[in-house]
Asks: 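Encoded as structure tokens, here's the structure I'll be asking about.
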Amino acid sequence: MINRALNNSATRNYLLNKINQCTNLSQLNQTHAQIIHNSLYNDLITVTKLTQKLCDFNAVCKASLLCSAVPNPDLFLCNVLIKGFSRNNLPEKCVSLYLGIRGGCDFEPDCYTYAFTVSACSQFSCEKMGMLVHGNAIVDGVVGDLFVGSCLVDMYLNFGKVGYACKVFDGIPERDAVLWNTMISGLVRKGWLEDGIRVFCDMVVRGSLFDSTTLAVVLSAAAELQELGAGMMVQGFSIKNGLDGHVYVLTGLISLYAKCGEMVPAKLLFEQIEQPDLVSYNAMISGFSSNCDIASAVSLFGGLLLSGEKVNSSTIVGLIPAHHPFGHLDLTWSIHGFSFKCGLVTNSSVSTALTTVYSRLNEIEYARKLFDESPTKSLESWNAMISGYAQNGLTETAISLFRNMQALGVTPNPVTFTSVLSACAQLGALSLGKWIHELISKEKFESNIYVSTALADMYAKCGSLEDAQRVIDMMPSKNAVTWNAMISAYGLHGHGHEALKLFREMLASGVAPTGVTFLSILYACSHAGLVSDGEKIFHEMVNDHGFEPLAEHYACMVDLLGRAGKLDKALEFIETMPYNAGPPVWGALLGACMIHKNTDLARVASDKLFELDPDSVGYRVLLSNIYSAEQNYPQAALVRRAVKKRNLAKTPGCTLIEVGKLPHVFTSSDQSHPQAESIYAMLEKLMGKMRNAGFQTETVMALHDVEEEEKELMVNVHSEKLAIAFGLISSEPGTEIRIFKNLRVCLDCHNFTKFASKITNRVIVVRDANRFHHFRDGVCSCGDYW
DNA sequence: ATAGGGTTAG
């Protein structure tokens with residue numbers, strides 16, 4: 001009997017050892033056979049070890065069956081099984097086992113039970129269950145335990161409930177490095193970067209011992225924030241504690257310096273690493289690439305390949321020149337080809353990054369091809385595609401893709417909404433935008449600054465400044481882009497003084513103006529005829545804010561002066577430029593010549609333009625208009641023929657009007673509308689009254705960039721007239737009419753609309769390609785300059 | 001520890 005027991009114990013030790021040594025499932029199955037053969041299948045210790053190993057090899061079902069056959073399971077075995085279910089993505093099994101332990105077992109859950117169950121809830125976002133387990137843990141008095149506490153902190157941070165996480169954290173005054181690290185890395189992972197750094201500082205102040213993991217996480221937060229100072233503080237601590245040679249710390253520092261645009265120290269740090277691993281290479285490559293040093297990025301990438309090290313998706317994504325101001329189509333193609341060869345194009349991050357760069361290079365078809373071919377479409381890849389369409393002006397496609405995404409049950413996030421709103425804004429689709437706003441409210445995304453800025457911009461561009469202002473008033477804080485959007489919104493509607501007021505408010509609030517701020521405010525001044533204010537701001541920009549004016553700023557000033565009729569002053573201004581004026585500047589002067597019908601100066605400007613930009617369509621159309629205005633029709637026709645010959649696209653004019661949330665689109669002389677007959681009747685009635693009142697159709701060609709439409713005025717009816725007539729017959733008397741035209745409104749239609757607003761006693765709001773016109777009582781808010 | 005998606009002007 002004694003012998004037999006000894007023998008059993010020896011066999012058991014032998015088998016336990018054997019289980020530990022198994023490196024795959026088939027070896028483990030053989031060992032299992034031996035266990036059965038030796039009649040140890042009911043032995044708790046052996047079965048527990050076997051369960052553990054089976055779970056490691058993802059054979060949790062088999063493990064579960066084995067356990068249920070054990071006559072006398074204990075808590076330890078149950079805990080191992082909970083961990084196994086969690087590992088094998090079976091949260092509901094974890095929970096039911098946990099509940100089984102709680103309800104009518106001989107034993108009570110311990111710290112391990114709670115820790116494993118909580119981390120299962122965390123991993124699988126079982127929010128309600130997690131909180132219930134937390135409650136039980138409080139009752140059982142185990143929340144002060146470091147292991148349980150860390151799991152709870154991790155869980156609440158995963159759920160985004162920072163308050164709860166802090167409560168658990170604060171309840172454990174004696175913290176170890178794991179608890180601190182859980183708190184810090186959870187905050188950083190969820191984007192609460194500043195808070196992560198703050199907790200780290202707390203940790204240091206309390207004298208808690210940190211490790212290289214702590215430093216690496218804090219460094220990644222500092223890098224993301226581009227807070228060089230915070231990062232250098234961490235560097236200081238790493239030196240003090242002798243962790244500055246650790247490869248994680250060094251890699252974190254490289255990434256920090258790279259993200260702050262400091263590649264020289266990054267390079268020095270990289271050289272300090274004796275044997276750089278893939279991650280440190282990746283940090284360097286992405287650093288070079290994002291700092292526009294393509295040559296260094298590519299050469300380091302080459303070095304990595306030569307060293308025989310395998311590359312991963314991070315390497316590829318870091319190499320892709322996604323944020324470069326100049327296109328690198330050739331490089332992108334090469335990277336694309338390489339990714340294909342090593343099987344990484346199917347990686348979601350890689351294909352998303354490639355999609356993004358293609359669409360930024362206006363190669364939207366390539367982007368779409370990649371998107372269609374990617375086997376798993378992450379939210380990021382949907383976003384990349386939607387924003388690609390929105391940024392390329394393919395607004396309808398962007399919106400229909402958004403609908404596809406919704407139909408497939410992919411939940412949009414703030415990034416998605418921001419892009420879709422930009423599409424709505426471009427489209428002028430107010431009811432669509434309002435629908436998006438409802439979706440945003442439902443998801444509680446209004447607090448996101450990108451979303452609310454885009455929302456305000458959408459309302460302004462869809463004609464409703466009041467709604468835009470309402471969104472802005474709700475925002476707790478504004479960044480430069482928010483201010484810029486509002487300044488340009490007021491400018492767009494011709495409210496120059498409001499825009500100036502906002503500009504002063506922005507400066508007073510301490511938000512630094514950007515290049516776009518000055519463009520927005522200068523355009524606002526220009527459209528409102530506030531010449532001296534604009535000149536003052538340009539002066540301020542250079543002298544007080546130390547801005548080097550870009551070509552766009554000069555173009556704005558030329559526009560400002562020229563629009564106000566100070567053409568000579570505009571020309572003088574061009575001569576003061578420190579470099580040669582480019583197409584935008586001459587284009588602005590030409591535009592001003594159009595308004596003020598200065599043919600001589602127009603020819604000077606257009607000569608310059610054709611010299612600099614021979615392929616431009618718009619300027620050729622303008623030139624043709626100049627000739628037409630001089631009644632030089634043969635020359636005008638010649639220019640137009642040249643345009644046609646080059647097969648340069650011309651956009652046909654069309655106008656959109658929403659009636660009862662339904663969009664109606666009209667083209668020139670459109671007969672396709674079901675109510676065409678009454679529309680034309682209404683138009684005839686208006687035109688008759690207009691003629692009687694002495695209005696004349698502009699016979700001389702207006703010098704506007706309105707393309708083909710203009711010439712055909714005598715035979716054709718422009719789309720905006722049709723839309724207004726339709727608006728008049730399909731809405732209540734006295735209500736506002738809003739229409740959207742894709743091109744600039746022509747002089748004749750502008751006159752027509754003024755007249756229509758007077759005799760019908762309606763406010764008519766017109767958004768054209770450039771700005772808003774508010775017609776009221778025969779007067780337009782643009783003051784007839786547009 | 002490294003990597004992917006967003007708002008503003010013309």
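So that the names make sense, note that chain A is the first sequence line, chain B the second, and so on, each numbered from 1.
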Asks: Taking any heavy-atom pair under 4.0 Å as a contact, classify Ser280(A): base, sugar-phosphate, or nothing.
Replies: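 Counting heavy atoms under 4.0 Å across all strands, no contact is made by Ser280(A).
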Asks: May I ask you to decide whether Glu540(A) forms a salt bridge with Arg504(A), counting only side-chain N to carboxylate O separations under 4.0 Å?
Replies: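 Salt bridge flag = yes for Arg504(A) with Glu540(A).
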Asks: At 4.0 Å (heavy atoms only), tell me whether Thr315(A) reaches a base, stays on the sugar-phosphate, or touches nothing.
Replies: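 No contact.
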Asks: Using a heavy-atom cut-off of 4.0 Å across all strands, would you classify Tyr523(A) as base, sugar-phosphate, or nothing?
Replies: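 Sugar-phosphate, backbone atoms only, no base.
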Asks: With a 4.0 Å cut-off on N to O distance, would you call Asp467(A) and Arg470(A) a salt bridge?
Replies: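 The answer is yes: the pair qualifies as a salt bridge.
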Asks: Within the structure provided, determine whether Lys267(A) and Met284(A) are in side-chain contact (heavy-atom separation under 4.5 Å).
Replies: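 Yes, side chains in contact.
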Asks: Quick one: label Lys478(A) by what it contacts on the DNA or RNA (base, sugar-phosphate, nothing), any heavy atom closer than 4.0 Å.
Replies: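 The residue Lys478(A) makes no contact with any strand.
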Asks: Mind checking if Asp277(A) touches a base, just sugar-phosphate, or nothing, with heavy atoms under 4.0 Å?
Replies: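 Base contact - Asp277(A) has a heavy atom under 4.0 Å of at least one base atom.
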Asks: Give one of base, sugar-phosphate or nothing for Lys461(A), where a contact means two heavy atoms less than 4.0 Å apart.
Replies: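 The answer is sugar-phosphate, as Lys461(A) gets under 4.0 Å only of primed atoms, P, OP1 or OP2.
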Asks: Please work out if Asp559(A) contacts a base, only the sugar-phosphate, or nothing of the nucleic acid, heavy-atom cut-off 4.0 Å.
Replies: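 If one applies the 4.0 Å heavy-atom cut-off, Asp559(A) turns out to touch nothing in the nucleic acid.
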Asks: So His545(A) and Pro513(A), do their side chains get closer than 4.5 Å, heavy atoms only?
Replies: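 In short, these two side chains touch, coming nearer than 4.5 Å.
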Asks: Does the plane of the ring in His493(A) sit parallel, tilted or perpendicular to the ring in His495(A)? Use 30° and 60° as the thresholds.
Replies: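 Geometry flag for His495(A) against His493(A): parallel rings.
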Asks: For the residue pair His324(A) and Ile294(A), establish whether any side-chain heavy-atom pair is separated by less than 4.5 Å.
Replies: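 Counting from C-beta outward, His324(A) and Ile294(A) do come under 4.5 Å.
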Asks: Looking for any heavy atom pair under 4.0 Å, which part of the strands does Leu215(A) touch: base, sugar-phosphate only, or nothing?
Replies: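 Contact class for Leu215(A): none.
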Asks: Base, sugar-phosphate alone, or nothing: which one does Arg360(A) contact when heavy atoms must sit under 4.0 Å apart?
Replies: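 Arg360(A): backbone/sugar contact only, no base atoms under 4.0 Å.
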Asks: Once you apply a heavy-atom cut-off of 4.0 Å, does Ser419(A) come out as touching a base, just sugar-phosphate, or nothing?
Replies: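 If one applies the 4.0 Å heavy-atom cut-off, Ser419(A) turns out to touch the sugar-phosphate alone, with no base involved.
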Asks: Under a criterion of less than 4.0 angstrom to any heavy atom of chain A, what are the 5'-terminal and 3'-terminal contacting nucleotides of DNA chain B?
Replies: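 Answer, 5' to 3': dA1(B) to dG10(B).
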